[in-house]
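All chains are named by letter (A, B, ...) in the order of the sequence lines, taking the proteins before the strands, and each is independently numbered beginning at 1. Nothing here was measured: the structure is a model prediction, and the numbers come from that model.
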2 protein chains.
Amino acid sequence: MASRTIENYLKQIYLSRPADETQWLTMGKLSMAVGVTPGTATSMVRAISDAHLVEYEPRAGVRLTPAGEQLALHVLRRHRLIELLLVKVLGLDWSEVHAEAEELEHVVSDRLLARIDEILHHPAFDPHGDPIPTAGGVVRRQDCCTVLDCPLDSPTRIARILDQSAEFLQYVNVCGLLPGAEISVASRNHQAQTVEVMVIKSGEKQALTLSFAVAEKFFVQTT
Amino acid sequence: MASRTIENYLKQIYLSRPADETQWLTMGKLSMAVGVTPGTATSMVRAISDAHLVEYEPRAGVRLTPAGEQLALHVLRRHRLIELLLVKVLGLDWSEVHAEAEELEHVVSDRLLARIDEILHHPAFDPHGDPIPTAGGVVRRQDCCTVLDCPLDSPTRIARILDQSAEFLQYVNVCGLLPGAEISVASRNHQAQTVEVMVIKSGEKQALTLSFAVAEKFFVQTT
DNA sequence: AAAACAATTTTGGGCAAGCAAAGTTAATTG
DNA sequence: CAATTAACTTTGCTTGCCCAAAATTGTTTT
């Protein structure tokens, strides 16, 4: 059994892994993600490497082995199913469930997780639109673009939001930019680095301006 | 914040405390309850005593301070509310929820606990009939007797079962001796140390024989 | 009262994780 | 190319929690 600490390292290695599969995740980024000093990350990764859950190349970085990836996906499955349960069944606000799930993900049993999955009818996405890996460890891909690179003036639906901080999600809430919301991108200003978005908020169309940095966090699907 | 370990010690000190309030809980019993060696219990209790959560008298034993008792009751409240949630909302079998709650009790936030309490409509008892302390740390007492000392031949209702082991509870399940079940005690045999109990099981009255030791685990309330 | 016993405490040591700070490498810049 | 810098690793130390075994204490028993 992997300790809570190891589960966290594996999860962060998975989430922070570079887009290019051949690349290694640097220790600096990992230590930031886990929230420990670089030295701690190095020695911990050495230990996890001894358990064959990651490959570790000194001065290059770290990368999950297939076994490590399966474990990471299992943790992620727990995390995301719990988030959805907290929102749908327990009625918590989606801005607060991330922190809660960070703790719960390490203690729910397989049996309880199976019940949660059943009650939610085997959902594919969590409240933020993040995909829930299957029990077999498969991630169902949803290929879609962000508010930064989707076509202009076409109706789309928000599918996923890449930010878990409670404050940001509360802002998203009041703007009506939740997953499922119908929006269209009216214009982009490359000089000001802003995007103008039209949202239907309580029946009325509203205009909203977002920076490129924030626009990039919203994934949309053309409807 | 008390660590998970300290929470467990406090909970066990509360649950194992001797009936007589003036008595101390011996270190031997505590170490058994927590599942550590006596030496470990001694040093841990020393530490908890430094935090003024217990009084510790070498060679006599240990006893909760008011602050320690409040913390213990808070853990117990979490444990029992979680058990009830797992049975009522998540549909787990009541024989398996104890083990699950042992883990969860240390990680649910106050906010989540409040939601659980609300969803269950502020319940007073968990699936085993154990009282759920209030948020203010008050235990509502239900004064009732056991199958060992209740009057003969009068209809009663099972109110509480003092055993959390999954195997025992599964046996209780098949006998129909669950909390809420209507039973009456037909006779007691002090020589054989057995009690004969009548249960209404799937519409039919059935006789059941229990040992004194087991009978003592069932609390009943006259209806 | 002395001896034996049971319960408890002390001692010494281990493992998992963490930090701070000193020491290495590798990359960047002058 | 040498010097500086940034990233990384190593080293030494701390804390929390645990165990095994030796030492102590209080209580029985002889």
Side-chain angles (χ1 to χ4, degrees), chain A residues 1-14 16-18 20 22-64 68 71-72 75 102-103 105-107, chain B residues 1-14 16-18 20 22-64 68 71-72 75 102-103 105-107:
Chain A
M1 267 303 90
S3 71
R4 171 169 330 221
T5 305
I6 291 179
E7 286 191 349
N8 263 325
Y9 275 82
L10 293 176
K11 185 181 68 171
Q12 293 303 343
I13 293 169
Y14 179 84
S16 310
R17 100 212 101 113
D20 179 350
T22 66
Q23 292 294 298
W24 300 78
L25 173 64
T26 66
M27 298 310 274
K29 283 182 183 153
L30 176 58
S31 66
M32 285 288 298
V34 176
V36 295
T37 57
T40 301
T42 298
S43 58
M44 199 62 214
V45 162
R46 282 220 125 93
I48 302 176
S49 163
D50 291 345
H52 304 293
L53 294 170
V54 297
E55 289 177 79
Y56 168 57
E57 196 70 45
R59 311 258 155 201
V62 67
R63 186 202 276 165
L64 291 169
L71 233 164
V75 177
E102 285 288 315
E103 292 295 319
E105 67 188 5
H106 304 293
V107 299
Chain B
M1 266 302 90
S3 70
R4 170 171 329 224
T5 304
I6 290 179
E7 286 191 348
N8 263 325
Y9 274 82
L10 294 176
K11 186 181 67 172
Q12 294 302 342
I13 293 169
Y14 179 84
S16 310
R17 99 211 101 115
D20 179 351
T22 67
Q23 293 294 298
W24 301 79
L25 172 64
T26 65
M27 299 310 273
K29 282 180 184 155
L30 175 59
S31 66
M32 284 289 296
V34 177
V36 296
T37 58
T40 301
T42 298
S43 57
M44 199 63 213
V45 162
R46 282 220 125 94
I48 301 176
S49 164
D50 291 345
H52 305 291
L53 295 170
V54 297
E55 288 178 79
Y56 168 58
E57 197 68 48
R59 311 258 156 202
V62 67
R63 186 202 275 164
L64 290 169
L71 233 163
V75 177
E102 285 289 315
E103 292 295 319
E105 68 188 4
H106 304 293
V107 299

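- For the atom pair A:R63 CZ and A:Q23 CD, the distance stands at 8.5 Å (nearest 0.5 Å).
- On the nucleic acid side, DNA chain C contacts chain A at distances under 4.0 Å to non-hydrogen atoms, with the end points of that region at C:dA17 to C:dT25.
- When the side-chain contact (heavy atoms from CB on, under 4.5 Å) test is applied to B:E102, the partners found at least two apart in sequence or on another chain are B:N8, B:K11, B:H79, B:H98, B:E105.
- Over its length, the helix from C:dA1-D:dT30 to C:dG30-D:dC1 turns its helix axis by 20°, as judged from the five terminal pairs at each end, rounded to 10°.
- Residues A:Y9 and B:G28 each lie close to DNA chain C; by heavy-atom proximity, the contact nearer the 5' end of the strand is made by B:G28.
- Among all heavy-atom pairs drawn from A:L10 and A:A72, the shortest one is O-CB, 3.6 Å.
- Taking A:E7 as the reference, A:R78, A:H106 meet the side chain to side chain donor-acceptor pair (under 3.5 Å) condition, with sequence neighbours excluded.
- By the side chain to side chain donor-acceptor pair (under 3.5 Å) test, B:E55 is found to be paired with no residue, residues two or more places apart in sequence or in another chain being considered.
- Put simply, OH on B:Y9 and OG1 on B:T5 are 7.5 Å apart, with the number rounded to the nearest 0.5 Å.
- Contacts between chain B and DNA chain D, taken as any atom within less than 4.0 angstrom of a protein heavy atom, begin and end at D:dC17 to D:dT25.
- Residues from residues 37-54 of chain B placing a heavy atom under 4.0 Å of any atom in DNA chain D, listed by number, are B:T37, B:T40, B:M44.
- Minimum heavy-atom separation, B:I6 to B:A2: CG2-CB, 3.8 Å.
- A side-chain donor-acceptor contact under 3.5 Å links A:S31 to the backbone of A:G28.
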Donor-acceptor pairs under 3.5 Å, side chain of residues 36-54 of chain A to any protein atom, not counting sequence neighbours: which ones?
unit_1	atom_1	unit_2	atom_2	d
A:T37	OG1	A:T40	OG1	3.0
A:T42	OG1	A:P38	O	3.2
A:S43	OG	A:G39	O	3.4
A:S43	OG	A:T40	O	3.1

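- For the residue pair A:P18 and A:W24, the shortest heavy atom distance occurs at CG-O, 3.7 Å.
- Partners of B:T26 by side-chain contact (heavy atoms from CB on, under 4.5 Å), not counting sequence neighbours, listed by chain and number: B:K29.
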